[in-house]
Amino acid sequence: QVQLVESGGGLVQPGGSLRLSCAASGFTFSSYVMSWYRQTPGKERELVASISSVVGAPRNYADSVKGRFTISRLNAKSTVYLQMNSLKSEDTAVYYCNALKIYPFRDEYWGQGTQVTVSS
């Protein structure tokens with residue numbers, strides 16, 4: 001059974017920090033690009049950050065989070081992380097973990113999401 005389980009969300013004040021974790025199981029984690037998406041009511045789900053398992057591959061970030069968020073992964077633990085610093089109210093969303101493989105066949109999995117609320 002494939003599982004992606006997010007944790008670490010919660011309520012934080014503007015300027016604060018949170019670290020999200022996504023624990024994966026049931027598939028070959030090291031073969032997948034791992035990403036974090038976020039979604040607010042009435043808006044499309046948007047890509048926040050992604051990371052390849054290829055050694056030396058650069059991370060990709062949405063312009064809105066560059067310099068504030070950092071994505072990382074530990075293949076030995078089948079876990080991907082999102083460190084979020086200098087949080088803003090506009091970062092409020094449900095954050096979803098995503099696993100994607102393109103070659104040789106497309107395969108994609110989603111976690112259930114974790115709520116992040118940035119408010120005073």
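One is the number of the first residue; the rest follow in order along the sequence.
- Considering every non-hydrogen atom in both V116 and L18, the closest pair reads CG1-CD1, 3.9 Å.
- Of the possible donor and acceptor atoms, none in the side chain of S35 sits under 3.5 Å from a partner among the backbone N and O of N98.
- T79 contributes a side-chain N or O that, together with a main-chain N or O of K77, makes up a donor-acceptor pair within less than 3.5 Å.
- Nearest heavy-atom pair across I71 and V80 is CG1-CG2, 3.9 Å.
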message: One pair to check against side-chain contact (heavy atoms from CB on, under 4.5 Å): L82 and Y95. What are the steps and the verdict?
response: CA-CA 10 Å; L82 185 67; Y95 284 71; 4.2 Å; yes
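- Under a hydrophobic clustering in which Ile, Leu, Val, Met, Phe, Trp and Tyr are joined whenever their side-chain heavy atoms come within less than 4.5 Å, directly or via other members, V94 and M84 fall into different clusters.
- The two residues V48 and V65 have their closest heavy-atom pair at O-CG2, 3.7 Å.
- The number of heavy-atom neighbours closer than 6.0 Å to CD of E44, taken from other residues, nucleotides and ligands shown, is 12 or below.
- Heavy atoms only, all atoms of each residue included: Y61 and F69 are closest at CE2-O, 3.3 Å.
- Residues satisfying the side-chain hydrogen bond (donor to acceptor under 3.5 Å, both in side chains) test with S53, not counting sequence neighbours, are none.
- Listed here is the closest heavy atom pair of S17 and N85: OG-OD1, 2.9 Å.
- A pairwise comparison of heavy atoms in E108 and R106 identifies OE1-NH2, 3.1 Å as the closest pair.
- Hydrophobic clustering of Ile, Leu, Val, Met, Phe, Trp and Tyr side chains at less than 4.5 Å, counting indirect connections, unites I51 with Y32.
- Taking the charged nitrogens against the carboxylate oxygens, K88 and D91 have no contact shorter than 4.0 Å, which rules out a salt bridge.
- The cationic atom of R45 (NZ for Lys, CZ for Arg) lies less than 6.0 Å from the six-membered ring centre of Y96 and within 45° of the ring axis.
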task: Check the pair S7 / T114 against side-chain contact (heavy atoms from CB on, under 4.5 Å), numbers first and verdict last.
output: CA-CA 6 Å; S7 61; T114 184; 5.9 Å; no
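- The structure places OG of S72 at 11.5 Å from CE of M34, a figure rounded to the nearest 0.5 Å.
- By the salt bridge (Lys or Arg N to Asp or Glu O under 4.0 Å) test, R73 pairs with no residue at all, sequence neighbours left out.
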- request: Tell me, with the steps shown, if W110 and C97 meet side-chain contact (heavy atoms from CB on, under 4.5 Å).
  value: CA-CA 6 Å; W110 291 93; C97 181; over 6 Å; no
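- Ion pairing between a basic and an acidic side chain is recognised when a charged N comes within 4.0 Å of a carboxylate O; R38 and E46 show such pairing.
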- request: Would you check, one step at a time, whether the test side-chain contact (heavy atoms from CB on, under 4.5 Å) holds for T70 with Y81?
  value: CA-CA 8 Å; T70 302; Y81 306 91; over 6 Å; no
Can I get a per-line list of side-chain donor-acceptor pairs under 3.5 Å for residues 19-31, giving both atom names and the distance, sequence neighbours left out?
from : atom 1 : to  : atom 2 : distance (Å)
R19  : NE     : Q83 : OE1    : 3.1
R19  : NH2    : Q83 : OE1    : 3.3

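- The closest donor-acceptor contact from the side chain of E6 to the backbone of Q112 lies under 3.5 Å.
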